[in-house]
Participant: 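Can you read through this structure? Questions will come right after.
Naming: A, B, ... by sequence-line order, numbering from 1 per chain. Heavy atoms only: backbone and side chains are in, while hydrogens, waters and symmetry mates are out.
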Amino acid sequence: MSLNEPIERRHFLQALGLLGAVATVEGASGAAHRLSAAVRVTRADPGDPPPIPNEVVQRIYAERFQGRPIQTGRITLDIPLMAEDGRYVPVIIESDLPQTEEQYLKSVFLIVDHNPDPLVTAYHFTPVLGPLKLQTRIKMKRTSWIRAIAETSSGELYADYLKVETSLNGCG
Amino acid sequence: MPETGKTRIVLPERIGRDEVIRVQVIVQHPMDTGFFRDANAVIIPAWFIHDVRVSYGGEEIARFEWTSGVSKDPMLSFQLRAVREGPLTFVWRDNRDREYTGSTEIKFAAA
């Protein structure tokens, strides 16, 4: 417990700081905002998701989503302030979708368009989990859109997209 | 010395029945992508956890597909509904087919 608690606490405080920053600077059009000297994070317009960038991401979409429509909203992706180091990019994914026996989040997919293996993680859940509030750390090879896509038990898809500019290659 | 597969699970100190709790877990693993070289310019082979199974009271409650795109010494936190007392167990499997297990007990605080 003593091993990771200080690290975790630090990340959590940074995450809180970012959420505050996003709330204050994010414009109605999802305009780019500068988070620090080294990092820029841009949120996609709800009506304008980023285009599929390459065949690998195309294949992930075909396999996992089978051409079903993906709505923007109901899930939020946030990146705290440390993304200048591509080896440790903290990620927070949250959702207000219910987690009950009748209706729940079945899966969450995290895709980094320009990573060697773009589907960085896929999480599969059951109703016993609480409402989605997930934190982890991922690697980024270079500046890229990141996609968080949630699938409900009834097969609906919800997404949020962030463009994260990072300088230090974390993938090799 | 790193101890690959060593798992730390952090839960709230007091847990009430049916409470939604935050579970934090960290596992020691290099999560090598296979694209980096060591100091002697020799490729460090890919070595990463790709399959995670989470069980609670003997029942599988979550499964995670990971790649080497997850950071070294993976850290994850998520919310869980504490519906029963019992073990919360993580089984990590990597691309060398090694398996590591970390477990803790979920117990309800006395009223």
Side-chain angles (χ1 to χ4, degrees), chain A residues 1-5 7-9 11-12 15 64 82 85-95 99-101 104-112 114-141 144 146 169-172, chain B residues 3 6-13 18-28 31-37 43-44 46 48-57 59-84 86 88 104 106:
Chain A
M1 200 172 290
S2 58
L3 181 92
N4 67 329
E5 209 157 39
I7 303 168
E8 178 58 24
R9 179 183 296 269
H11 277 116
F12 189 61
R64 305 290 180 144
M82 285 179 61
D85 185 343
R87 294 172 302 174
Y88 298 96
V89 181
V91 171
I92 303 172
I93 309 172
E94 292 180 293
S95 175
Q99 197 77 7
T100 63
E101 286 289 340
Y104 60 95
L105 268 188
K106 193 170 70 171
S107 298
V108 172
F109 303 89
L110 190 60
I111 298 168
V112 180
H114 294 298
N115 270 14
D117 204 345
L119 182 56
V120 170
T121 69
Y123 303 99
H124 306 287
F125 302 128
T126 58
V128 75
L129 274 87
L132 182 70
K133 189 173 183 179
L134 188 146
Q135 293 188 45
T136 190
R137 294 182 301 212
I138 61 166
K139 299 173 195 170
M140 289 186 71
K141 188 172 173 68
S144 178
I146 303 186
N169 174 357
C171 295
Chain B
E3 200 180 322
K6 187 177 179 189
T7 304
R8 291 264 184 179
I9 304 167
V10 181
L11 299 175
E13 259 172 50
D18 292 329
E19 194 184 327
V20 173
I21 60 168
R22 183 158 176 260
V23 176
Q24 303 170 62
V25 61
I26 188 165
V27 54
Q28 291 186 32
M31 301 299 281
D32 287 316
T33 59
F35 301 119
F36 282 111
R37 291 171 186 276
I43 287 274
I44 303 166
F48 57 90
I49 294 169
H50 63 89
D51 180 58
V52 183
R53 311 248 167 189
V54 189
S55 67
Y56 173 28
E59 191 177 305
E60 187 169 299
I61 58 158
R63 185 169 62 86
F64 310 143
E65 301 171 58
W66 282 3
T67 63
S68 63
V70 173
S71 302
K72 175 181 156 72
D73 297 334
M75 179 274 278
L76 181 72
S77 78
F78 59 91
Q79 299 198 113
L80 176 71
R81 209 177 304 275
V83 291
R84 55 179 166 268
L88 179 67
T104 191
I106 290 188

Participant: Can you name the residues that form a ring-ring contact (aromatic ring centres under 6.0 Å, His included) with B/Phe64, not counting sequence neighbours?
Facilitator: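 For B/Phe64 the ring-ring contact (aromatic ring centres under 6.0 Å, His included) partners, ignoring immediate neighbours, are A/Tyr123.
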
Participant: Quick one: does any side-chain atom of A/Arg137 pair with a main-chain N or O of B/Asp73 as donor and acceptor, under 3.5 Å?
Facilitator: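 Yes.
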
Participant: Which distance, rounded to the nearest 0.5 Å, do you find between the CZ of A/Phe125 and the CD of B/Gln79?
Facilitator: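 So the CZ of A/Phe125 and the CD of B/Gln79 are separated by 10.5 Å.
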
Participant: Out of A/Leu134, A/Ile93, A/Leu132, which one racks up the most heavy-atom pairs below 4.5 Å with chain B?
Facilitator: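 Top count of heavy-atom pairs under 4.5 Å with chain B: A/Leu134.
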
Participant: Tell me whether A/Thr126 contacts the main-chain N or O of B/Ala62 through its side chain, where contact means a donor paired with an acceptor under 3.5 Å.
Facilitator: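 Such a contact is absent between A/Thr126 side chain and B/Ala62 backbone.
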
Participant: Could you grab the distance from atom OG1 of B/Thr33 to atom CZ of A/Arg87, nearest 0.5 Å is fine?
Facilitator: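 So the OG1 of B/Thr33 and the CZ of A/Arg87 are separated by 12.0 Å.
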
Participant: Pick whichever of A/Leu129, A/Asn169, A/Ile138 has the most heavy-atom pairs under 4.5 Å with chain B.
Facilitator: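 The candidate making the most pairs under 4.5 Å is A/Leu129.
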
Participant: Using non-hydrogen atoms and a 4.5 Å limit, figure out which bit of B/Glu60 sits close to chain A: side chain, backbone, both or neither.
Facilitator: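 Contact with chain A involves the backbone of B/Glu60 alone.
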
Participant: Nearest 0.5 Å, please: how far is CE in B/Met75 from OG1 in A/Thr136?
Facilitator: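 Going from the OG1 atom of A/Thr136 to the CE atom of B/Met75 covers 6.0 Å.
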
Participant: For B/Ile61 and A/Val128, work out which heavy atoms get closest and say how close.
Facilitator: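 In terms of heavy atoms, the two residues are closest at CG2-CG1, 3.3 Å.
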
Participant: Give the minimum heavy-atom separation between B/Phe36 and A/Gly170, together with the two atoms involved.
Facilitator: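 Nearest pair, atom of B/Phe36 first, then A/Gly170: CE1-O, 3.7 Å.
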
Participant: At their closest point, which heavy atom of A/Gly130 faces which heavy atom of B/Val20, and how far apart are they?
Facilitator: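 Shortest heavy-atom contact: CA-CG1, 4.2 Å.
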
Participant: Which atoms of A/Pro118 come close to chain B, meaning under 4.5 Å heavy atom to heavy atom: side chain ones, backbone ones, both, or neither?
Facilitator: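 Neither part; nothing is under 4.5 Å.
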
Participant: I'd like to verify something: which residue of B/Pro74, B/Ala82, B/Ser68, B/Gly34 has the highest number of heavy-atom pairs under 4.5 Å with chain A?
Facilitator: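 Highest number of heavy-atom pairs under 4.5 Å: B/Ser68.
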
Participant: By the definition side chain to side chain contact (heavy atoms under 4.5 Å, CB included), identify the one residue from A/Val112, A/Asp117, A/Leu119 that meets it with B/Thr67.
Facilitator: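 Option passing the side chain to side chain contact (heavy atoms under 4.5 Å, CB included) with B/Thr67: A/Asp117.
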
Participant: So which part of B/Val83 gets closer than 4.5 Å to some heavy atom of chain A, the side chain, the backbone, both or neither?
Facilitator: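 Only the side chain of B/Val83 comes within 4.5 Å of chain A.
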
